[in-house]
Amino acid sequence: MSSDERLRNSLTDALFEAILLLRTKEECYRFFEDIATIAEIKALAQRLEVAKMLKRNETYTSIEKVTGVSTATISRVKRCLNFGADGYQLILSRLQEQD
């Protein structure tokens, strides 16, 4: 599945090209700390954890308890896992290969 065309433009392309230039976790911390708020970064991290937990068939209750996210966020991540652009599927597969 392809990504949403509404997201694609030269500014977004430049952002993703910049992200692809990061070489270490420390560089990621430094860049993301400058470009996003701590709350935004934590929200992204929570969503990734939600995706991992959904993939393990954990319940909404346990996901909510562990991550602190709302059931609305869990539902949104689940919808993306099932009907999204397969970005979560891609990264979860690569993370599993890495382990």
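Model, not experiment: these values are computed from the prediction.
Side chain to side chain, T12 and N9 meet the donor-acceptor criterion of an N or O pair below 3.5 Å. Residues Q96 and K55 bring no donor and acceptor atom of their side chains to less than 3.5 Å of each other.
With L54 as the partner, the side chain to side chain contact (heavy atoms under 4.5 Å, CB included) test is satisfied by one option alone out of V77, L92, T59, N82: V77.
Other residues, nucleotides and ligands contribute at most 12 non-hydrogen atoms within 6.0 Å of the CD atom of E33.
Under the 4.5 Å side-chain heavy-atom criterion for ILVMFWY residues, no single connected hydrophobic cluster contains both Y88 and L44. When the side chains of ILVMFWY residues are joined at heavy-atom separations under 4.5 Å, either directly or via intervening members, I19 and I41 end up in a single hydrophobic cluster.
Here the straight-line distance linking atom CD of E40 with atom CZ of F32 works out to 11.0 Å at 0.5 Å rounding. With rounding to the nearest 0.5 Å, the separation of CG in L90 from CZ in R94 is 4.0 Å. Distance check, rounded to the nearest 0.5 Å: CZ of R23 to SG of C28 gives 12.0 Å. To the nearest 0.5 Å, the span separating CD on E49 from CD on E58 amounts to 8.0 Å. Rounding to the nearest 0.5 Å places CD1 of I63 at 11.0 Å from OG1 of T71. We find the CG-CZ distance between L21 and F31 to be 9.0 Å, quoted to the nearest 0.5 Å.
Put simply, the side chain of M53 reaches to within 4.5 Å of the side chain of T67, judged on heavy atoms. Counting only heavy atoms from C-beta outward, the side chains of Y29 and T24 never approach each other to under 4.5 Å. Counting heavy atoms from C-beta on, the side chains of C80 and R76 come closer than 4.5 Å. Looking only at side-chain heavy atoms (C-beta outward), T73 and Q46 stay at 4.5 Å or farther from each other.
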Worked check of salt bridge (charged side-chain N to carboxylate O under 4.0 Å, His left out) between E5 and R8: CA-CA 5 Å; E5 288 301 317; R8 291 183 179 271; 3.6 Å; yes

